[in-house]
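Presented below is the structure to which this report refers.
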Amino acid sequence: SKLDKNFSFLDAGGGTGRWAFKVLTEFENSTGEICDISTEMLAEARKKVVENNKNRINFQQQDLHDLSIYPNEKFDVVVNFHNVLGFV
């Protein structure tokens with residue numbers, strides 16, 4: 001309730017997009033980005049998003065050790081589940 005209804009989020013290490021998909025479903029005006037190192041996981045996330053018409057999200061294949069791909073990007077929320085940061 002404290003977020004603007006048009007908030008943006010980054011799912012860092014988002015894998016198959018499980019949590020990003022939940023956010024997109026619960027908050028219909030949200031937009032997001034899934035960043036993951038795995039091509040295969042991102043392919044699953046794209047499939048899930050396309051099949052359910054939740055196309056308010058971008059996909060970025062990138063190692064979380066180097067987030068220089070976002071030099072000026074701002075997100076309202078960053079999520080990271082399943083101890084992904086423990087691997088970074």
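Values below: every heavy atom of this structure, side chains too, minus hydrogens, waters and symmetry copies.
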Quiz item: If you look at every heavy atom in G15 and A45, which pair is closest and at what distance?
Solution: O-CB, 3.7 Å
Quiz item: Which heavy-atom pair separates Q60 from L42 by the least distance, and what is that distance?
Solution: O-CD1, 3.7 Å
For residues [X] and [Y]: do they belong to one hydrophobic cluster (side chain heavy atoms under 4.5 Å, members Ile, Leu, Val, Met, Phe, Trp, Tyr)?
| X | Y | value |
| --- | --- | --- |
| M41 | I57 | no |
| L24 | W19 | yes |
| V79 | I34 | yes |

Quiz item: Which ring-ring contact (aromatic ring centres under 6.0 Å, His included) pairs, counting each pair once, include a residue from residues 27-47, with sequence neighbours left out?
Solution: F7-F27
Quiz item: Applying ring-ring contact (aromatic ring centres under 6.0 Å, His included), which residue pairs with at least one partner in residues 32-64 are found, sequence neighbours left out?
Solution: none
Quiz item: Does N29 have any side-chain hydrogen bond (donor to acceptor under 3.5 Å, both in side chains) partners at least two apart in sequence or in another chain, and if so, which?
Solution: none
What distance do [X] atom [atom1] and [Y] atom [atom2] have between them, rounded to the nearest 0.5 Å?
| X | Y | atom1 | atom2 | result |
| --- | --- | --- | --- | --- |
| D11 | K22 | CG | NZ | 12.5 Å |
| D36 | T16 | CG | OG1 | 9.0 Å |
| Q62 | I37 | CD | CD1 | 8.0 Å |

Practice problem: May I have all residue pairs that pass side-chain hydrogen bond (donor to acceptor under 3.5 Å, both in side chains) and include part of residues 38-52, sequence neighbours excluded? | Solution: S38-E40, T39-Q61
N/O donor to acceptor pairs below 3.5 angstrom from side-chain atoms of residues 67-78, sequence neighbours left out:
from: S68; atom 1: OG; to: D66; atom 2: OD1; distance (Å): 2.7
from: S68; atom 1: OG; to: D66; atom 2: OD2; distance (Å): 3.4
from: Y70; atom 1: OH; to: E33; atom 2: OE2; distance (Å): 3.2
from: D76; atom 1: OD2; to: S8; atom 2: N; distance (Å): 2.8

Quiz item: Just wondering, do L64 and C35 contact through their side chains at under 4.5 Å, heavy atoms?
Solution: yes
